Amino acid sequence: MGNSLVAYPTSRPVLRGVGSGNTPRLLNYASCERVFNPSLNGKPVVVLSNNDGSIIARSNEAKALGISMGQPYYQAKKTIDEHGVKVFSSNYELYGDMSNRMMTVLSSLAPESEIYSIDECFLGFSGFEESRLPDHAHLIRERTLKWTGIPVSIGLAPTKTLAKAVNKVAKKNEGIKLIRTSDEIDELLEKYPVEDLWGIGRKYNKRLQEMGIKTALQFKGLPEGWVKKHMAISGLRLQYELKGISCIPLEKVSATKKAICTSRSFGQYVSTYKEMEEVVANFAFKCAEKARKENTVARAVTIFIHTNGFNTTLPQYSNSRTMRLPVATADTAEILHYVRLALRSIYRPGYAYKKAGVMLTGLHTKDAVQMDLFDSVDRNRQSFLMETIDEVNQKMGKKGVFDPPVKFALQTHLAEQKNWPMQRKFLSPCYTTRWESVLKAS
DNA sequence: TCTGGGGTCCTAGGACCC
DNA sequence: TCTGGGGTCCTAGGACCC
């Protein structure tokens with residue numbers, strides 16, 4: 001076969017389905033509304049953000065009227081009224097529900113799948129007979145439409161980045177497109193704007209444009225050293241992916257969240273401490289609730305408050321504060337306590353606040369929480385523990401058991417083996433690599 | 001008057017440990 | 001008392017994603 005698929009064993013065709021239209025997520029929201037109201041088909045539709053502040057979703061027809069994504073509602077209102085554009089407030093529950101249904105259908109039709117966002121997923125076809133893929137893609141498309149009412153487009157390619165790119169082309173054509181050979185890849189990349197690549201944002205694009213790099217193919221040809229220097233390891237990965245070398249693996253099991261955030265822009269300014277305290281308490285409550293739902297606990301909580309950055313005539317102030325929680329927790333009262341302390345330290349009176357938020361970080365699962373600290377073991381037992389640790393340290397040399405949490409973890413582990421009573425404490429996930437090597441040595 | 005709400009990953013630098 | 005190397009953790013900030 002002599003193409004890149006064979007040359008790199010990790011490469012495999014990846015299929016990606018998204019909502020039809022221009023910007024995937026946005027259109028999906030509009031598509032969702034259409035599923036329940038077919039009379040909207042062919043008509044311009046927009047979906048608004050929280051507070052109905054700005055436009056976060058447009059149908060193709062709305063886009064054709066020049067309504068842009070993220071545009072404030074009031075700016076687009078004239079066009080909207082003139083053309084009878086249908087306007088919806090966002091209904092995230094509905095979209096989440098539709099998304100689940102779509103994902104269920106999609107993942108049932110492929111050997112491997114990764115849900116990437118509310119309206120996108122990667123499907124892996126390792127072991128699948130390649131000649132059957134195009135037909136299979138058609139089947140996927142038909143079924144999703146029939147069973148959920150949502151149109152998807154599909155791009156097939158050796159890497160996730162390429163699949164995403166070719167999907168965009170598919171969307172504008174027949175809805176399905178496959179590329180395999182390096183010639184086909186280059187043909188796609190030559191016409192593909194570099195700024196549309198997955199991983200190229202505003203800043204990188206600006207820099208690349210200044211250098212005269214306009215197409216994805218030109219980017220692919222840049223020296224690796226330059227890419228590594230200016231765009232870090234993620235840039236290099238992107239470049240490899242364009243060469244057909246898969247660097248971003250399919251994540252089959254969804255990872256537990258590493259941060260949980262609740263934030264809002266306010267419909268009306270908040271300008272008293274009392275009001276702000278109520279608001280952030282509410283956010284803290286929601287965050288704690290989300291964390292418990294994920295069966296996870298947080299090691300720290302951050303709050304932030306901002307005035308309205310768009311209104312330059314008002315005095316500006318924004319600040320944030322992170323509080324470490326003494327014990328990792330998802331307990332509302334505990335988190336609330338520290339959120340209040342944090343707010344007290346950063347709140348300044350005399351400002352009109354427009355936005356605030358609470359974020360839980362250092363999340364890890366409750367089950368992993370475990371281990372450590374021996375409670376009231378007697379002296380003999382303690383010296384047994386110390387000696388064992390010394391032995392491990394000798395075995396491991398400089399990579400020995402030096403950090404207290406790892407020490408505690410080892411003590412607990414040893415005590416467990418001997419059925420000794422012990423007190424529970426935390427082993428933070430950042431110690432796990434180290435802990436694994438210690439386990440091996442012991 | 002009116003401008004979204006979530007997340008992720010990477011890097012550099014300082015504190016701290018043995 | 002002075003000194004260095006190897007290592008970890010944490011934080012802030014910047015970039016990106018949908």
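Chain identifiers are assigned alphabetically (A, B, ...) following the order of the sequence lines, protein sequences preceding nucleic acid strands; residue numbering begins at 1 within each chain. Just so it is clear, the structure is predicted and the values come from calculations on it, not from any experiment.
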Next on the checklist: Using a 4.0 Å heavy-atom cut-off, does Arg324(A) contact any base of the nucleic acid, only the sugar-phosphate backbone, or nothing at all?
Outcome noted: sugar-phosphate

Checklist entry - What pattern of brackets, bars and dots sums up DNA chain C from 5' to 3', given Watson-Crick or G-U wobble pairs under 3.5 Å, [ ] for crossing pairs and | for another strand? => result ....||||||||||||||

Checklist entry - The side chain of Ser54(A) lies closest to which of these nucleotides: dT3(B), dC10(C), dG7(B)? => result dT3(B)

Next on the checklist: Just the rounded figure in Å: distance from C1' of dG5(B) to OH of Tyr95(A).
Outcome noted: 14 Å

Next on the checklist: Check the orientation of His306(A) and Phe304(A). Use parallel for under 30°, tilted for 30 to 60°, and perpendicular for over 60°.
Outcome noted: tilted

Checklist entry - Is any side-chain nitrogen or oxygen of Ser234(A) closer than 4.0 Å to OP1 or OP2 of dC9(B)? => result no

Next on the checklist: Under 4.0 Å, heavy atoms only, any strand: does Thr262(A) hit a base, just the sugar-phosphate, or nothing?
Outcome noted: sugar-phosphate

Item to check | Sugar-phosphate, base or nothing in reach of Lys77(A), heavy atoms under 4.0 Å | outcome: nothing

Next on the checklist: Checking Asn91(A) now: which residues fulfil side chain to side chain donor-acceptor pair (under 3.5 Å) with it, not counting sequence neighbours?
Outcome noted: none

Checklist entry - Is the NZ or CZ atom of Lys355(A) both under 6.0 Å from the centre of the six-membered ring of Phe266(A) and within 45° of that ring's axis? => result no

Item to check | Gap in Å between the two C1' atoms, one belonging to dG4(C) and one to dC17(B), rounded | outcome: 14 Å

Item to check | Side-chain N or O of Tyr269(A) closer than 4.0 Å to phosphate OP1/OP2 of dC2(B) | outcome: yes

Item to check | Phe219(A) CZ - dC16(C) P separation (whole Å) | outcome: 11 Å

Checklist entry - So what does Ile115(A) hit on the nucleic acid, given a heavy-atom distance under 4.0 Å: a base, only sugar-phosphate, or nothing? => result nothing

Item to check | Other residues, nucleotides, ligands: >12 heavy atoms within 6.0 Å of Lys86(A) NZ | outcome: no

Next on the checklist: Looking at Glu93(A), I'd like to know if its CD atom is crowded, meaning that more than 12 non-hydrogen atoms belonging to other residues, nucleotides or ligands lie closer than 6.0 Å.
Outcome noted: no

Next on the checklist: Checking contacts here: which listed nucleotide (dC18(C), dT11(B), dT3(B)) is nearest the side-chain heavy atoms of Lys354(A)?
Outcome noted: dT3(B)

Checklist entry - Is the closest basic N to carboxylate O distance between Glu241(A) and Lys160(A) below 4.0 Å? => result no

Checklist entry - Which of these nucleotides, dC2(B), dC18(C), dG7(B), is closest to any side-chain atom of Lys290(A)? => result dG7(B)

Item to check | Residue met sooner reading DNA chain B from 5', once Ala232(A) and Gln71(A) are mapped to nucleotides | outcome: Gln71(A)

Item to check | Distance test, side-chain N/O of Lys164(A) to OP1/OP2 of dC18(C), below 4.0 Å | outcome: yes

Checklist outcome for this item: Separation of dT11(B) atom P from Leu236(A) atom CG, nearest Å, is 10 Å

Item to check | 5'-most by nearest nucleotide on DNA chain B - Lys228(A) or Asn51(A) | outcome: Asn51(A)

Next on the checklist: One thing to verify: whether Lys243(A) and Glu224(A) come together as a salt bridge, which I'm taking to mean a side-chain N less than 4.0 angstrom from a carboxylate O.
Outcome noted: yes

Next on the checklist: Is there a side chain to side chain contact (heavy atoms under 4.5 Å, CB included) between Phe283(A) and Arg264(A)? Walk through the geometry before answering.
Outcome noted: CA-CA 9 Å; Phe283(A) 293 165; Arg264(A) 290 284 179 282; 3.7 Å; yes

Next on the checklist: Any base atoms under 4.0 Å from Phe310(A), or only sugar-phosphate, or nothing? Heavy atoms, all strands.
Outcome noted: base

Item to check | Short side-chain N/O contact to dT8(B) OP1/OP2 from Lys258(A), under 4.0 Å | outcome: no

Next on the checklist: I need the NZ-C1' distance between Lys160(A) and dC9(B), as an integer number of Å.
Outcome noted: 13 Å

Next on the checklist: If you only use heavy atoms from C-beta on, which nucleotide in dC17(C), dG7(B), dA12(C) is closest to the side chain of Ile260(A)?
Outcome noted: dG7(B)

Checklist entry - Can you check whether Arg237(A) has a side-chain N or O nearer than 4.0 Å to OP1 or OP2 of dC9(B)? => result no

Checklist entry - From the list dA15(C), dG6(B), dT3(B), which nucleotide is the closest neighbour of the side chain of Tyr74(A)? => result dT3(B)

Next on the checklist: Just N and O in the side chain of Arg299(A): are any of them under 4.0 Å from OP1 or OP2 of dC10(C)?
Outcome noted: yes

Next on the checklist: The side chain of Ser263(A) is closest to which nucleotide in this list: dG5(B), dG7(B), dA12(C)?
Outcome noted: dG5(B)

Checklist entry - Nearest to the side chain of Arg264(A) - dC2(B), dG6(B), dC10(B)? => result dG6(B)

Checklist outcome for this item: With the side chain defined as heavy atoms from C-beta on, Tyr204(A) is closest, among dG6(B), dC16(C), dG5(B), to dC16(C)

Next on the checklist: Under 4.0 Å from OP1 or OP2 of dG5(B): is there any side-chain N or O of Ser265(A) that close?
Outcome noted: yes

